[in-house]
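Chain letters run A, B, ... following the sequence lines, proteins first, then strands; residues in each count from 1.
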Amino acid sequence: MMRVRFAPSPTGQLHVGNARTALFNWLLARGHDGTYVLRIEDTDAARSTRASEDGILRDLRWLGLEWDEGPDVGGPCGPYRQSERLHLYSSYANELLGAGQAYYCFCSPQKLEAERAAMLAAGRPPRYAGTCRAIDRAEAADRIEQGEKPVIRFRVPERIDVTFQDLVRGEVTFNTEVIGDPVLVRSDGRPAYNFAVVVDDALMEITHVIRGEDHISNTPRQILLYRALGFAPPRFAHLSLVMGPDHTPLSKRHGATSVSEFRAHGILPEALTNYLALIGWSPRAAGGETPEDVELLPIDELARRFALEHVGHSAGVFDPEKLAWMNRQYMRRAAPARLAAETARFFVARGFVRRSSEAALAYVESLLPMAAGSVDRLEEIPERVAFVFQFDARASVEKPAVADVLNEPGAREVVAALPGAIAGPMLDRDAFRAAAARVRERTGRKGRALFHPIRVALTGEAGGPELDLAVPAIDRGAALAPDAGVAPIASAAERARAFAAVAG
RNA sequence: GUCCCCAUCGUCCAGAGGCCCAGGACGUGGCCCUUUCAAGGCCAAAACGCGGGUUCGAAUCCCGCUGGGGACGCCA
């Protein structure tokens with residue numbers, strides 16, 4: 001039975017790099033009928049916050065990466081928060097101490113820092129010198145009695161090779177020569193990372209540890225700890241990291257990097273997971289499929305095809321442009337009601353919707369055909385249809401693009417004829433076309449020479465969604481009840497009159 | 001500095017010795033569609049880091065170089 005885990009430390013927002021690690025674990029578990037465990041690594045009391053933890057859980061759920069066992073849902077191997085497992089770590093630490101596999105170290109942080117600096121300066125690997133290795137039990141007990149607060153270090157065997165089969169990289173070997181004795185338990189009694197992960201992964205019966213490549217050099221220490229503790233090590237797989245366009249680690253200065261930021265900007269979760277899955281991996285096309293067919297796949301299909309052996313070895317650059325394209329694809333495919341619900345908050349932020357009432361949501365949904373598929377993110381949708389909510393004839397004639405349209409031959413004639421051609425609310429395409437036909441009859445203009453002036457007169461813009469959609473959208477909005485929750489919208493007839501008055 | 005990992009179009013991937021004068025996607029350029037702006041369709045340009053081997057044959061295997069990344073914490 002396969003068991004995998006995602007083990008974030010709650011010290012900030014869920015980053016897309018970590019989200020990708022979470023995703024790969026999830027894909028593997030779901031593709032193999034395995035169990036996906038979420039564990040919170042909050043042993044760093046100073047930096048961990050419950051707010052971060054809540055945010056990470058929320059973001060993972062938003063992405064659709066539900067876990068089978070975790071801090072909030074429980075499970076047979078709990079608790080799933082390291083801060084609640086402290087007794088386990090000290091018990092195993094004592095076991096190691098008793099067996100002589102660990103020892104107390106009394107070196108001060110300042111002394112260690114000085115040693116590190118000296119070794120680095122001397123061109124040697126800055127590893128712990130082993131100063132306290134020889135302190136015997138009696139002396140240690142004595143000094144602790146005196147009030148000294150030692151750490152507990154793991155006694156790493158000298159000069160042996162530690163080899164493991166990495167599921168993505170193949171055989172990897174480290175010699176313990178370059179590994180200093182790691183701290184297992186800090187002077188405040190809390191466990192250090194390398195110790196806590198091993199105890200937890202072993203006790204939680206994790207079979208596959210899939211994590212970022214930044215952990216690969218921790219692996220030999222951890223394998224040694226598994227041995228010392230008498231546990232069978234799991235299989236390891238190290239994922240290459242995600243970089244910014246300049247090949248430096250992805251960070252704030254590259255723009256949005258956290259899952260919640262992408263959500264805030266109107267990226268759909270399925271677009272983000274699909275995109276992330278394709279950094280360092282790609283589904284194989286099979287059975288008559290072309291490579292193009294497997295670019296966009298739902299997350300369950302991704303899971304069905306996912307294979308660690310086919311995960312790439314090199315770092316990938318995060319490309320916001322491709323994410324944007326993918327989001328466009330998913331926006332186009334999304335169910336209208338859902339898209340409306342997801343987009344409403346952006347209309348509210350813009351002041352176009354005052355209250356997310358049922359009527360307002362229905363109206364937003366009716367606007368979607370003009371925008372979804374034309375823009376990259378949900379947050380751009382209100383801007384795309386802003387002409388519906390904002391109309392100022394005087395301000396728009398000042399715009400160079402609008403002025404250009406008015407200067408086209410016969411344009412003012414069309415604008416002047418428009419108010420008289422509008423018989424009443426144009427609630428559908430045919431009503432609009434009938435009005436346009438009347439203008440055509442009176443002015444003799446057609447095609448671009450007819451529609452372009454009509455566009456500027458009714459929308460105040462030189463460009464935008466097709467008028468067959470835009471004009472009915474305006475008049476349906478104008479017909480909304482004042483308490484519908486939507487900001488007041490001027491009707492096409494009012495617009496035509498106001499525009500003719502200033503454009504004449 | 002030492003150790004570890006990595007190396008195909010600008011970017012993400014395909015390629016697991018002959019099917020490759022290298023395929024797909026994003027982006028870019030052009031054309032088309034068009035009642036405007038987007039979107040969409042079609043076409044195009046664009047890569048095996050370098051040097052040695054191995055082999056009848058190498059993008060694919062080996063070695064070196066170069067370049068990139070990671071680790072070396074009482075952070076995780």
Tell me what [X] touches on the nucleic acid: a base, only sugar-phosphate, or nothing, going by heavy atoms under 4.0 Å.
| X | result |
| --- | --- |
| A:P249 | sugar-phosphate |
| A:D166 | nothing |
| A:S9 | sugar-phosphate |
| A:S217 | sugar-phosphate |
| A:G212 | nothing |
| A:P125 | base |
| A:G373 | sugar-phosphate |
| A:T173 | sugar-phosphate |
| A:H238 | nothing |
| A:Q329 | sugar-phosphate |
| A:R211 | nothing |

Is there a donor and acceptor pair closer than 3.5 Å between the side chain of [X] and the base of [N]?
| X | N | value |
| --- | --- | --- |
| A:S374 | B:A38 | yes |
| A:S240 | B:C6 | no |
| A:R455 | B:U35 | no |

Checking base pairs now: Watson-Crick or wobble, both atom distances under 3.5 Å. What partners [N]?
| N | answer |
| --- | --- |
| B:U60 | none |
| B:A76 | none |
| B:U28 | B:A44 |
| B:U36 | none |
| B:C3 | B:G70 |
| B:C65 | B:G49 |
| B:C21 | none |

Next on the checklist: Could you tell me if A:R153 sits above the aromatic ring of A:Y128, with its cationic atom closer than 6.0 Å to the ring centre and no more than 45 degrees from the axis?
Outcome noted: yes
Next on the checklist: Does the structure place the NZ or CZ of A:R143 under 6.0 Å from the centre of the six-membered ring of A:F106, at an angle of no more than 45° from the ring's axis?
Outcome noted: yes
Checklist entry - Are the side chains of A:Y103 and A:F154 in touch, meaning some heavy atoms are under 4.5 Å apart? => result no
Checklist entry - So A:F391 and A:F499, would you call those rings parallel, tilted or perpendicular, with 30° and 60° as cut-offs? => result tilted
Checklist entry - Taking the inter-plane angle between the rings of A:Y275 and A:F318 on a 0 to 90° scale, is it parallel (under 30°), tilted (30 to 60°) or perpendicular (over 60°)? => result perpendicular
Checklist entry - In chain order, what residues pass the side chain to side chain contact (heavy atoms under 4.5 Å, CB included) check against A:F451, with sequence neighbours excluded? => result A:F432, A:A436, A:L467
Is any side-chain N or O of [X] closer than 4.0 Å to OP1 or OP2 of [N]?
| X | N | value |
| --- | --- | --- |
| A:T290 | B:G23 | no |
| A:R328 | B:G27 | yes |
| A:R127 | B:C3 | no |
| A:Q110 | B:G73 | no |

Roughly how far apart, to the nearest Å, are [N] and [M] at atom [atom1]?
| N | M | atom1 | result |
| --- | --- | --- | --- |
| B:C6 | B:C32 | P | 49 Å |
| B:A39 | B:A76 | P | 47 Å |
| B:G15 | B:G69 | P | 26 Å |
| B:C43 | B:U35 | P | 24 Å |
| B:U28 | B:C5 | C1' | 33 Å |
| B:A47 | B:A22 | C1' | 9 Å |
| B:U55 | B:A71 | P | 42 Å |
| B:U60 | B:G18 | P | 12 Å |

Of the nucleotides [options], which one has an atom closest to the side chain of [X]?
| X | options | answer |
| --- | --- | --- |
| A:D214 | B:C74, B:C6, B:A71 | B:A71 |
| A:M243 | B:G69, B:C74, B:G1 | B:G69 |
| A:R169 | B:C5, B:C74, B:C26 | B:C5 |
| A:R384 | B:C5, B:G1, B:C37 | B:C37 |
| A:R448 | B:U35, B:C6, B:G24 | B:U35 |
| A:L241 | B:G70, B:G68, B:U36 | B:G70 |
| A:L467 | B:U11, B:A38, B:U35 | B:U35 |
| A:S282 | B:C13, B:G15, B:C5 | B:C13 |
| A:D468 | B:A76, B:C3, B:U35 | B:U35 |
| A:R116 | B:A76, B:U36, B:G73 | B:G73 |

NZ/NE/NH1/NH2 to OD/OE distance under 4.0 Å, [X] and [Y]:
| X | Y | result |
| --- | --- | --- |
| A:E383 | A:R377 | no |
| A:K399 | A:E461 | yes |
| A:R305 | A:E289 | yes |

Checklist entry - Is there ring stacking between A:W325 and B:C26, where the centres must be under 5.5 angstrom apart and the planes under 30 degrees? => result no
Between [atom2] of [N] and [atom1] of [X], the distance in whole Å:
| X | N | atom1 | atom2 | answer |
| --- | --- | --- | --- | --- |
| A:L458 | B:U35 | CG | P | 18 Å |
| A:L302 | B:C13 | CG | C1' | 13 Å |
| A:F432 | B:U35 | CZ | P | 12 Å |

Checklist entry - Taking the six-membered ring for Trp, is the centroid-to-centroid distance between A:F24 and A:H208 below 6.0 Å? => result no
Item to check | Strand-adjacent residues in residues 312-321 of chain A, judged by heavy atoms under 4.0 Å from RNA chain B | outcome: A:H313, A:S314, A:A315, A:G316, A:V317, A:D319, A:E321
Checklist entry - Take atom CZ in A:R124; do more than 12 heavy atoms of anything else shown fall under 6.0 Å from it? => result no
Checklist entry - Between A:M326 and A:K149, which has a closest nucleotide on RNA chain B that is more 5'? => result A:M326
Item to check | First encountered from the 5' end of RNA chain B, between A:V168 and A:G180 | outcome: A:V168
Checklist entry - What's the verdict on side-chain hydrogen bond (donor to acceptor under 3.5 Å, both in side chains) for A:T290 and A:D293, showing C-alpha distance, side-chain angles and the deciding distance? => result CA-CA 5 Å; A:T290 65; A:D293 292 333; 3.2 Å; yes
